[in-house]
Amino acid sequence: MNIRAKLQDINPEQKFFVLTIITGFVAGIIAILLKVSVHELMHLFGTDRAFTWTSFIIGGLSLMLGGYISSKLMPVCSGSGIPRTKIIIAVHHGVIRSKEWIVKLFTTILSLSSGVPLGYEGPTIAITAGVGSSLARKFSFKERKVKELIYVGSAAGIAAAFGTPIAAVVFVLEEMIGNMKTKSMGPILISSLIASVTASALMGQNSMFTPLSYSLNSPVELIFYLALGVMTGVMGPFFVDNILAVKKLTKRFFKHHQMMPILFSFLIVGLASLVTSEILGNGLETVNKILQGEIVDLQLIIVLIILKFITCAFCYGAGISGGILMPVLFLGASIGALFGYLANHTLGLSEIQLGAY
């Protein structure tokens, strides 16, 4: 007797609980598969450092293949996948076909292996949400339970990607459900914990970010922290508006040539890599360097902000299969380092920790 037949014999609530555990476990595996695949292929292609002609050609071919699939063959696989997942929940009864999230997995690996400055966290959420939808429909659950298992899969995906199960629960409640009071809280939390533990067991680490501790050296620093909050509050909407503007501009300029914006954005990334390779990929290593106070050069900090801002806008606007959760954290960390630098030189306190900002 197969697993499906055994599950059919138990009551719906027990069946849903078992699927919650399975979804969390699968989400952990998918998150690590995506992360390791992208990392290893970037190293193999040479797209994790300043581009050479070889890495530009190989990375370009990988991106073109992923872009062709997501723009021509299956457009539903373009972008981060989170907005589409929310639309599916609201309009399409939570139906995510298995073919969609499987193809999304491979197009994301192909696209991000080219070194484009996007993250795999958004696609991970979309893919694991698809796992939840497929499992729920496989066992003939009604629409409400299908949507619940999508929430479960989404939370498991972000928990496995970031190693933050509690933050994953909050993210899904606020961003996907829009309500902090839900009966899905228990399954969401369970799947997040299972996914996080699974990912941690496979990778041997609990968090993406290096654990650090900081101290407040002067009460005057609070002024700079306040200014930093205002600045990032302004930069957030500006970043989103910039992405939308670039998307409209490229569509108008390239008209019906869907592959041209992808190629053009990759050309920009290749040129930017010659200035600094720190902008390539999702930027996690660079963020950790900033948190540890290893990047203190003002010119480099400004260059990182400008180039990441521009390259992300063009790549995401082109519809490349990748997310902006990690790039946004990259920009926030870089802007914070800039304010830390200003605080240091304004107050004359050498012990100010840039990583805290």
Close side-chain approach of N282 and L118, heavy atoms under 4.5 Å: no

Sidechain-backbone polar pair: S114 side chain, L63 backbone, donor-acceptor under 3.5 Å: no

Test item: S277 side-chain N/O and S273 main-chain N/O as donor-acceptor pair under 3.5 Å: no

Same apolar cluster (I L V M F W Y, side chains within < 4.5 Å links), I335/V240: no

Over 12 non-hydrogen atoms of neighbours within 6.0 angstrom of CZ in F253: no

I58 side chain reached by T47 side chain, heavy atoms, under 4.5 Å: no

From CG (L284) to OH (Y120), nearest 0.5 Å: 6.0 Å

Residue F17 excluded, over 12 heavy atoms near CZ under 6.0 Å: no

Derivation of the side chain to side chain donor-acceptor pair (under 3.5 Å) call for S62 and S113: CA-CA 7 Å; S62 181; S113 297; 4.9 Å; no

Nearest-0.5 Å distance, CG of residue L329 to CZ of residue F162: 5.5 Å

Cluster overlap I69 with L61, hydrophobic side-chain contacts below 4.5 Å: no

Linked, directly or transitively: I310 and L244 (ILVMFWY side chains, under 4.5 Å): no

Donor-acceptor pair between T20 and S191 side chains, under 3.5 angstrom: no

pair F266-I320: side-chain heavy atoms closer than 4.5 Å: no

Nearest atoms (heavy-atom pairs only) where V234 meets P237: O-CD, 3.4 Å

Face-on cation placement of K145 at F16 ring, 6.0 Å and 45° thresholds: yes

same_hphob_cluster(L73, I262) at 4.5 Å side-chain heavy-atom cutoff: yes

Worked verdict on I301 versus D297 for side chain to side chain contact (heavy atoms under 4.5 Å, CB included): CA-CA 6 Å; I301 293 171; D297 182 69; 5.9 Å; no

V103 versus C77, closest heavy-atom pair with distance: CG1-SG, 3.8 Å

S111 (side chain) donor-acceptor with T108 (main chain) under 3.5 angstrom: no

Approximate separation, where rounding is to 0.5 Å, of F139 CZ and K15 NZ: 7.5 Å

Atom pair CG (L325) and CD1 (I158), whose distance is rounded to the nearest 0.5 Å: 6.0 Å

Side chain to side chain contact (heavy atoms under 4.5 Å, CB included) between F141 and L19, worked out: CA-CA 11 Å; F141 276 106; L19 292 183; 3.4 Å; yes

Minimum heavy-atom distance G130-I96, with the two atoms named: CA-CG2, 3.7 Å

E143 versus H93, closest heavy-atom pair with distance: OE1-ND1, 3.0 Å

Summary of ring-ring contact (aromatic ring centres under 6.0 Å, His included) pairs that have at least one residue in residues 283-337, sequence neighbours excluded: F238-F309, F239-F309, F264-F314

From F25 atom CZ to T23 atom OG1, the distance as rounded to the nearest 0.5 Å: 12.0 Å

Donor-acceptor contact present, side-chain S78 to main-chain P75, <3.5 Å: yes

Rounded distance (nearest 0.5 Å) linking atom CD1 of I30 with atom OG1 of T198: 11.5 Å

Closest heavy-atom pair and its distance - I109, L41: CG2-CD1, 3.7 Å

Heavy-atom side-chain contact between P327 and P117 under 4.5 Å: no

L135 and I22, any side-chain heavy atoms less than 4.5 Å apart: yes

Ion pair check, K308 and E278, cut-off under 4.0 Å: no

Taking every non-hydrogen atom, the tightest pair across L331 and I305: CD2-O, 3.6 Å

More than 12 heavy atoms from other groups under 6.0 Å of CE on M64: yes

Min side-chain heavy-atom separation S55-F45 under 4.5 Å: no

Close side-chain approach of S37 and L34, heavy atoms under 4.5 Å: no

Stepwise side chain to side chain contact (heavy atoms under 4.5 Å, CB included) check, E285 with H39: CA-CA 11 Å; E285 291 183 8; H39 182 271; 4.3 Å; yes

Within-4.5 Å side-chain heavy-atom neighbours: E221 and Y357: yes

Check: K289 side chain, E294 main-chain N or O, donor-acceptor pair, under 3.5 Å: no

Single-linkage hydrophobic cluster M260~Y68, side-chain heavy atoms < 4.5 angstrom: yes

Criterion side chain to side chain contact (heavy atoms under 4.5 Å, CB included) on R84 and K104, from CA distance to verdict: CA-CA 12 Å; R84 173 171 168 75; K104 178 69 174 175; over 6 Å; no

